[in-house]
Amino acid sequence: MHRLNAWLRRHPMVVDSAWALLVFSLSALSAVQSVGGGPDLEWAVVGLMTLLMVFRRRNPDVTSAVAVGLGLAEIALHVTPGASSIGYLVFAYTGAAFGSAWISRLALGAGLVAGPLTVLRFYPGSGSGPGNSWQHAVFYSVLLSTPFVLCWAWGRLTRVRRAYLIELEDRAARLERERDAQAKVAVAAERARIARELHDVVAHNVSVMIVQADGAAYVLDNSPQQAKEALSIIASTGRQALVEMRRLLGVLRTADSAEEYVPQPGVEELPELLDQVRTAGLPVSYRTSGEARELPRGVELTVYRIVQEALTNVRKHGGPDVRANVAVDFRERELEVLIEDDGRGTTDEQLTTGGTDGLGHGLIGMRERVGMVSGSLTVGPRPGGGFRIRAIMPLKTAK
């Protein structure tokens, strides 16, 4: 049924043709049964009215104006009103609902004079009687004009309602575009932040390489073994720096970071972060599994930021008496980070757009960070209540 209604709205001529066919059938029946009064003219009026009704919404101004002219011609030629006169009510509605301003005014004026003109032309004796001829004429005139005025008012109401719906749709489209723009801004800001942090990681690795190279040069003559170890560290750190540089080239970066280059936090700093969260009033348990090993600094930074943002969301949206669990699983070829809570969860808006509380787009940032290390992120409700965030990142042991 919904598809049928949508199809009919896209093809208004089908509906108009159906109404025109109904009016034609009634008018034809009335014309066949009529006696005298110019049947040829009646058939011409019926045919023209039917044709106008078919195209009334495609050309509302032209068809409404022609309908007014047709009505005046009927009165001038003394064609007795028949079932085709129903079409004039349709065009009073059409002019008000779909026509331009002047056509709407023309339809209203024609509807107001339709009653008096009909009474004067076809029923001149309706007001006969001692002392009350004008009262009868006014009564019948108002009675015949009222349906036209009501149809015109219905058309105006339809026009206002349609304009209101169009405004609502336009507003919804603008809000959607604004939401998309805000999400893009949040993504760009998060990528800039990630780029700055990766820049610091690369700078730290280069600093380590410089220090090790200086040390190797210093001990090269007296302690070749130490120099060899330093060169090995330089090679390993250089490879890791190249990996981070490739990631850095894939994100945007702002030019306002003139800060001191320092190593960013990683998995080793998670216990300290959790202590800070517990001090703030959020009970958090922490466990690790698998064989802990050295990771690329970009992955370590991603793990730290995901846990940090997830626990921030728990504090904001989890509700009272919420508890959280953080688990880090070192597998052979991947690292899994799981953050769960038993709070009240989150909303669909926060899941799709990162929230509109003005405090950031945490989930968007998580997706960007995990994507930068070729990982996957799953967020959603937790069985039994609460919320769950799971990030899986491919691993390659740093050498």
Side-chain angles (χ1 to χ4, degrees), residues 183 186-187 189-190 193-194 197 263-373 375-395:
V187 169
E190 191 64 32
R193 180 184 174 190
I194 296 171
E197 292 175 348
Q264 296 295 330
V267 178
E268 297 85 355
E269 285 76 18
L270 282 180
E272 182 179 350
L273 171 65
L274 299 182
D275 288 339
Q276 295 174 358
V277 174
R278 295 186 188 104
T279 303
L282 175 63
V284 183
S285 63
Y286 176 60
R287 66 176 179 83
T288 61
S289 57
E291 181 182 355
R293 54 190 181 274
E294 185 181 357
L295 304 174
R297 291 301 300 173
V299 174
E300 295 232 12
L301 176 61
T302 299
V303 172
Y304 185 91
R305 293 305 187 198
I306 288 176
V307 174
Q308 184 182 44
E309 184 63 40
L311 295 179
T312 300
N313 288 341
V314 173
R315 292 177 58 189
K316 288 197 301 184
H317 308 296
D321 301 326
V322 62
R323 299 180 62 87
N325 302 311
V326 177
V328 179
D329 183 13
F330 290 87
R331 300 174 182 171
E332 182 178 356
R333 295 188 177 180
E334 62 186 16
L335 176 71
E336 180 187 46
V337 181
L338 180 65
I339 305 98
E340 296 180 314
D341 68 79
D342 57 1
R344 60 190 176 193
T346 188
T347 64
D348 293 337
E349 179 185 34
Q350 291 160 349
L351 281 176
T352 56
T353 67
T356 58
D357 54 6
L359 298 178
H361 297 257
L363 296 180
I364 293 178
M366 291 184 194
R367 293 188 182 98
E368 289 298 317
R369 289 183 179 277
V370 174
M372 294 304 169
V373 295
S376 61
L377 180 72
T378 305
V379 298
R382 172 176 170 267
F387 197 68
R388 169 184 292 168
I389 296 175
R390 174 184 281 113
I392 298 178
M393 290 158 280
L395 272 190

Kindly list each side-chain donor-acceptor pair under 3.5 angstrom involving residues 377-393, sequence neighbours excluded, with atom names and distances?
from: Arg382; atom 1: NH1; to: Gly385; atom 2: O; distance (Å): 3.1
from: Arg388; atom 1: NE; to: Glu340; atom 2: OE2; distance (Å): 2.6
from: Arg388; atom 1: NH2; to: Glu340; atom 2: OE2; distance (Å): 2.6
from: Arg390; atom 1: NE; to: Glu336; atom 2: OE2; distance (Å): 2.7

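Summarising the geometry, atom CD1 belonging to Ile339 is positioned 10.0 Å from atom CG belonging to Asn313; distances are rounded to the nearest 0.5 Å. To the nearest 0.5 Å, atoms CG (Leu274) and CD (Gln308) are separated by 10.5 Å.
In this structure, the side-chain hydrogen bond (donor to acceptor under 3.5 Å, both in side chains) partners of Arg278, at least two apart in sequence or on a different chain, are Asp275. Applying the salt bridge (charged side-chain N to carboxylate O under 4.0 Å, His left out) rule to Glu334 yields the partners Arg331; only residues at least two apart in sequence or on another chain are considered. Every residue meeting the side chain to side chain contact (heavy atoms under 4.5 Å, CB included) condition with Ala292, not counting sequence neighbours, appears here in chain and number order: Phe330. In this structure Ser285 satisfies the side chain to side chain contact (heavy atoms under 4.5 Å, CB included) test together with Asn325, sequence neighbours excluded. A search for side-chain hydrogen bond (donor to acceptor under 3.5 Å, both in side chains) contacts involving Thr288 returns nothing, not counting sequence neighbours. Considering only residues two or more places apart in sequence or on other chains, Ser376 meets the side-chain hydrogen bond (donor to acceptor under 3.5 Å, both in side chains) condition with none of them.
Residues Thr302 and Val337 are not in side-chain contact: their nearest non-hydrogen atoms beyond the backbone lie 4.5 Å or more apart. Side-chain contact check for Asp341 versus Leu282: every heavy-atom pair is 4.5 Å or farther apart. A 4.5 Å side-chain heavy-atom check between Leu301 and Arg305 finds at least one atom pair inside the cut-off.
Heavy-atom minimum distance, Pro394 versus Gly375: CD-CA, 3.9 Å. Across all non-hydrogen atoms, the minimal contact from Arg293 to Arg333 is NH2-N, 4.5 Å.
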Worked check of side-chain contact (heavy atoms from CB on, under 4.5 Å) between Val314 and Val277: CA-CA 11 Å; Val314 173; Val277 174; over 6 Å; no

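When each of Val303, Asp329, Val373 is tested with Leu335 by the rule side chain to side chain contact (heavy atoms under 4.5 Å, CB included), just one qualifies, namely Val303.
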